[in-house]
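Right, one structure below, let's go through it.
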Amino acid sequence: MDSYRFIKSSSKQSTSSETDHHHHQFGSLIPRLGRKYRSLSFDSGLLLIVNQRFESPTRLVMATSALNSDKKIVTGPAGYVLEDVPHFSDYIPNPPTYPNPLQDNAAYSVVKQYFVDEDDTVPQKIVVHPDSPRGTHFRRAGPRQRVYFDSDDVVACIVTCGGLCPGLNTVIREIVCGLSYMYGVKKILGIEGGYRGFYARNTIDLDLKTVNDIHKRGGTILGTSRGGHDTTKIVDSIQDRGINQVYIIGGDGSQKGAAVIFEEIRRRGLKVAVAGIPKTIDNDIPIIDRSFGFDTAVEEAQRAINAAHVEATSFENGIGLVKLMGRYSGFIAMYATLASRDVDCCLIPESPFFLEGKGGLFEFIGKRLKENGHMVIVIAEGAGQDLLAESNEQSTTLKDASGNKLLQDVGLWISQRIKDHFAKKMTLNLKYIDPTYMIRAVPSNASDNVCCTLLAQSAVHGVMAGYNGFTVGLVNGRHTYIPFYRITEKQNKVVITDRMWARLLSSTNQPSFMKHDDIHEPNHSGGEAGAMNW
Ligand SMILES: Nc1ncnc2c1ncn2[C@@H]1O[C@H](COP(=O)(O)OP(=O)(O)O)[C@@H](O)[C@H]1O
Ligand SMILES: O=P(O)(O)OC[C@H]1O[C@](O)(COP(=O)(O)O)[C@@H](O)[C@@H]1O
Ligand SMILES: [Mg+2]
């Protein structure tokens, strides 16, 4: 919030010259607000518009730097708020528009209401009380009647950044197919090796033939990397190559990178669209329900958990310990545990735990072994890092090239601690399984493939419609365009005071490792649950 300034409304009506001035600035924006709104009057830095349906004033609030502001927020009756995304017409005077080629597309012409209504928005919060305000909404994704690119002029590029995730190739494929089949775009470039590929590598041509089979492969045909984000060099390269559509497939770090690229593009006044497609195997991106790859990773994790269970049940006092991905967010471990039903204890970064003494992990292991003769433990790689650092007396400040915390191997460490603790008490057979990279290096499953397709198509529609500086994402099951600042402002984490973690605790019957005094009220603004904390 701090970096955005809002202008207080004044009751003064604008003079006609002020109104003309504002019309020049905002005029092209008004039609896109939709037919239910019309302009009423302006005061300094703030555009008042009337919602014709409700006959009440609606405010489009903008920062002083007018259309250079980072936030576009429309408020409406009953507490309605639209957190809108930038658009070409915000900073390019009277950009030309064209009829959407989809209207002549045989597949789509039979679809009733294929084009999305300009007024369609999606609520962020769907569980409401009768007296709840309507709350925050995002612009609904999908094709618009008019587009802001002549297909022959489009030079699109696609880049994949950050760690691997199942489905990267499917998203690349579907962006290429969407641009080609739906919009007749012919020039699509692949940027190799992540952000640094913009300035350190040559591009490759992507067409329908190149991408035909790639969805069956894990990884990314473009390659990826961490670090190497040099905004000036990247935007210089975009300008030099004549690129006017940039599709960035990447996680929370990549979306931050996309946001600064977009800012630089807008600062230079370029007609270049930047769209982010969220790649988050850890599910650490906020607002969205989930993205591609998560489902596949959870499914793949079952194989490791099954193996751990088989090993554990076959030996006296067998313990199967599985380490899963999740640097800051433990969603993969939580969902893999809930899916498996063979897991006795799940440890995640969000839920602190301790080893020794009453209510600690060792006590629980002893109890479960006595009751069942075996147990399965799932641990997310980011869990218990504080304990590990304490016991190794090592600094935890090491970072990767992108600035992410470099983790120590909690799986190895905890295995050793468990063995040491029980060494003199009982015979213990502990098998440590580390499938870390196996769960993300596989191709995406059927459900993730559909997810990839819809995200890619929604991104293409948004870019063709002139929207810019957005991440496409599922919000309550609907595809939306979300402004970058909402995606990058925080990380999505498992909320251990929400029902989902309670369900897990009750399914494993493990201790919460928390004293009642440690339980704080959840800290989500407006009571919004994090994604997958249903
Ligand atoms: N705050 C940031 N500003 C600009 N670029 C960033 C920022 N954070 C990360 N990046 C860049 O985004 C890319 C991917 O980030 P990373 O954190 O490795 O993966 P992910 O996008 O999967 O979270 C890297 O090239 C990194 O340099
Ligand atoms: O690939 P690396 O650099 O070893 O990083 C491993 C990390 O990548 C992830 O798989 C995904 O992280 P990102 O979304 O930041 O790419 C994490 O779960 C894991 O901690
Ligand atoms: Mg990340």
Side-chain angles (χ1 to χ4, degrees), residues 3 159-168 171 191-201 218-220 222-235 246-265 274 276-286 288 290-294 296-298 300-301 323-336 348-349 379-383 385 396 398-411 434-442 471 484-485 487-494:
S3 56
V159 63
T160 50
C161 313
L164 290 184
C165 181
L168 282 165
V171 177
I191 306 293
E192 292 194 290
Y195 277 130
R196 61 166 61 85
F198 271 105
Y199 55 86
R201 303 271 283 270
T220 155
L222 296 176
T224 182
S225 65
R226 299 200 186 273
H229 188 284
D230 183 322
T231 316
T232 307
K233 283 190 189 169
I234 291 170
V235 179
V246 183
Y247 296 91
I248 296 169
I249 312 169
D252 57 334
S254 310
Q255 304 301 316
K256 286 180 193 154
V260 285
I261 291 172
F262 167 64
E263 280 316 319
E264 180 59 15
I265 280 170
V274 181
I277 294 107
K279 165 218 67 103
T280 170
I281 198 171
D282 290 353
N283 198 37
D284 55 7
I285 295 187
I288 59 174
R290 68 176 177 105
S291 197
F292 66 91
F294 179 79
T296 306
V298 169
E300 200 59 26
K323 184 179 78 171
L324 294 176
M325 278 194 165
R327 193 193 285 119
Y328 306 109
S329 309
F331 288 99
I332 297 178
M334 174 166 79
Y335 271 71
I348 59 169
I379 186 160
E381 59 181 344
Q385 289 290 318
T396 50
L398 289 177
K399 302 216 159 136
D400 69 14
S402 296
N404 300 303
K405 192 161 71 179
L406 271 179
L407 303 174
Q408 303 184 56
D409 192 336
V410 71
D434 178 357
T436 307
Y437 293 102
M438 291 178 66
I439 67 166
R440 71 173 203 189
V442 288
T471 301
F484 281 142
Y485 67 86
I487 291 292
T488 56
E489 68 190 356
K490 62 174 183 185
Q491 270 177 330
N492 187 38
K493 291 190 189 257
V494 173

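We count ligands from 1, going down the list as the structure has it; atoms in each ligand are counted the same way. Worth saying up front: this structure is predicted, and the values here are computed from it rather than measured.
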**Q.** Atom indices of ligand 2, in the order listed, that fall short of 4.0 Å to a heavy atom of Tyr437
**A.** 1 (O), 2 (P), 4 (O)

Q | N/O donor-acceptor pair under 3.5 Å between Lys233 side chain and Arg196 backbone | A | no

Q) Hey, which atoms in ligand 2 end up nearer than 4.0 Å to a heavy atom of Lys279? A) 13 (P), 14 (O), 16 (O)

**Q.** Distance-only N or O hit between ligand 1 and Gly253, under 3.5 Å
**A.** yes

Q: Considering only non-hydrogen protein atoms, determine which one is nearest to atom 11 (C) of ligand 2 and report residue, atom name and distance to 0.1 Å.
A: Ile281 CG2, 4.0 Å

Q.
For Asn404, which part has a heavy atom under 4.0 Å from ligand 1: side chain, backbone, both, or neither?
A. side chain

Q) Tyr437 and Leu164: side-chain contact (heavy atoms from CB on, under 4.5 Å), yes or no, with the steps? A) CA-CA 9 Å; Tyr437 293 102; Leu164 290 184; over 6 Å; no

Q: For a side chain to side chain donor-acceptor pair (under 3.5 Å) with Gln255, tell me which candidate from Thr280, Thr488, Thr471 qualifies.
A: Thr471

Q. Do you know which two heavy atoms are closest between Cys165 and Phe292, and how far apart they sit?
A. SG-O, 3.5 Å

Q: Could you pull out the closest heavy-atom pair between Ala297 and Ile332, with the gap in Å?
A: CB-CD1, 4.4 Å

Q) Does an N or O from Asp400, backbone or side chain, lie closer than 3.5 Å to an N or O of ligand 1? A) no

**Q.** Nearest-neighbour protein heavy atom for atom 18 (O) of ligand 1, which is reported as residue plus atom name and distance
**A.** Ser402 OG, 2.6 Å

Q) In this structure, which one of Tyr199, Phe198, Tyr195 forms a ring-ring contact (aromatic ring centres under 6.0 Å, His included) with His229? A) Tyr195

Q: To the nearest 0.5 angstrom, please state how far the CG atom of Leu222 sits from the CZ atom of Arg201.
A: 10.0 Å

Q. To which protein heavy atom is atom 20 (O) of ligand 2 closest, and what is the distance rounded to 0.1 Å?
A. Glu381 OE2, 2.5 Å

Q | Residue pair Asn492, Ile285: steps toward the side-chain contact (heavy atoms from CB on, under 4.5 Å) verdict | A | CA-CA 5 Å; Asn492 187 38; Ile285 295 187; 5.8 Å; no

Q) Where do Asp409 and Asp434 land on the side-chain contact (heavy atoms from CB on, under 4.5 Å) test, with the steps shown first? A) CA-CA 10 Å; Asp409 192 336; Asp434 178 357; 4.3 Å; yes

Q: Working to the nearest 0.5 Å, report the span between CG of Asp284 and OH of Tyr328.
A: 9.0 Å

Q | Residue and atom name of the nearest protein heavy atom (relative to atom 7 (C) of ligand 2), distance in Å to one decimal | A | Arg327 NH2, 3.3 Å

Q: Look up atom CG in Asp282 and atom NZ in Lys493, then write down how far apart they are to the nearest 0.5 Å.
A: 10.0 Å

**Q.** Heavy atom of the protein closest to atom 21 (O) of ligand 1 (residue, atom name, distance)
**A.** Ser254 OG, 2.4 Å

Q. Using a heavy-atom cut-off of under 4.0 Å, does the side chain or the backbone of Lys279 touch ligand 1, or both, or neither?
A. side chain

Q | Atoms in ligand 1 with a heavy atom of Lys256 nearer than 4.0 Å | A | 1 (N), 2 (C), 7 (C)

Q.
Could you tell me, atom by atom, which parts of ligand 2 come under 4.0 Å of a heavy atom of Gly326?
A. 18 (O)

Q: Select the closest option to atom 17 (C) of ligand 2 among Asp282, Ile439, Asn404, judged by heavy-atom distance.
A: Asp282

Q.
Distance check, rounded to the nearest 0.5 Å: Lys279 atom NZ versus Thr224 atom OG1?
A. 6.5 Å

Q. What protein heavy atom sits nearest atom 3 (O) of ligand 2, and how far away is it?
A. Arg226 NE, 2.9 Å

Q. Which ligand 2 atoms does Gly163 reach within 4.0 Å, using its non-hydrogen atoms?
A. 16 (O)

Q: First locate atom OG of Ser291, then atom CD1 of Ile281, and finally report the distance between them rounded to the nearest 0.5 Å.
A: 11.0 Å

**Q.** Gly227 heavy atom under 4.0 Å from ligand 1
**A.** yes

Q. Short list, please: which atoms of ligand 1 are under 4.0 Å from a heavy atom of Gly251?
A. 20 (P), 21 (O), 22 (O), 23 (O)

(Q) Within 2.8 Å of the Mg ion (ligand 3), is there any N, O or S atom belonging to Asp252? (A) yes

Q. Using a distance-only test with no angle check, is there a side-chain donor-acceptor pair under 3.5 angstrom linking Thr231 and Glu264?
A. no

Q: Could you establish whether Gly163 and ligand 1 come within less than 4.0 Å of each other, counting only heavy atoms on the residue side?
A: yes

Q | N/O separation below 3.5 Å, Asp252 to ligand 1 | A | yes

Q) Among protein heavy atoms, which sits nearest to atom 1 (O) of ligand 2, and what does the distance come to when rounded to 0.1 Å? A) Arg440 NH2, 2.7 Å

Q) Quick one: does Asp400 get an N or O within less than 3.5 Å of an N or O on ligand 2? A) no

Q. What residue and heavy atom of the protein are closest to atom 4 (C) of ligand 1, and at what distance?
A. Gly257 CA, 3.5 Å

Q) What do the steps show when you test Ile261 against Val246 for side-chain contact (heavy atoms from CB on, under 4.5 Å), and what is the final call? A) CA-CA 10 Å; Ile261 291 172; Val246 183; 5.6 Å; no

Q. Is there a nitrogen or oxygen of Tyr195 sitting under 3.5 Å from a nitrogen or oxygen of ligand 1?
A. no

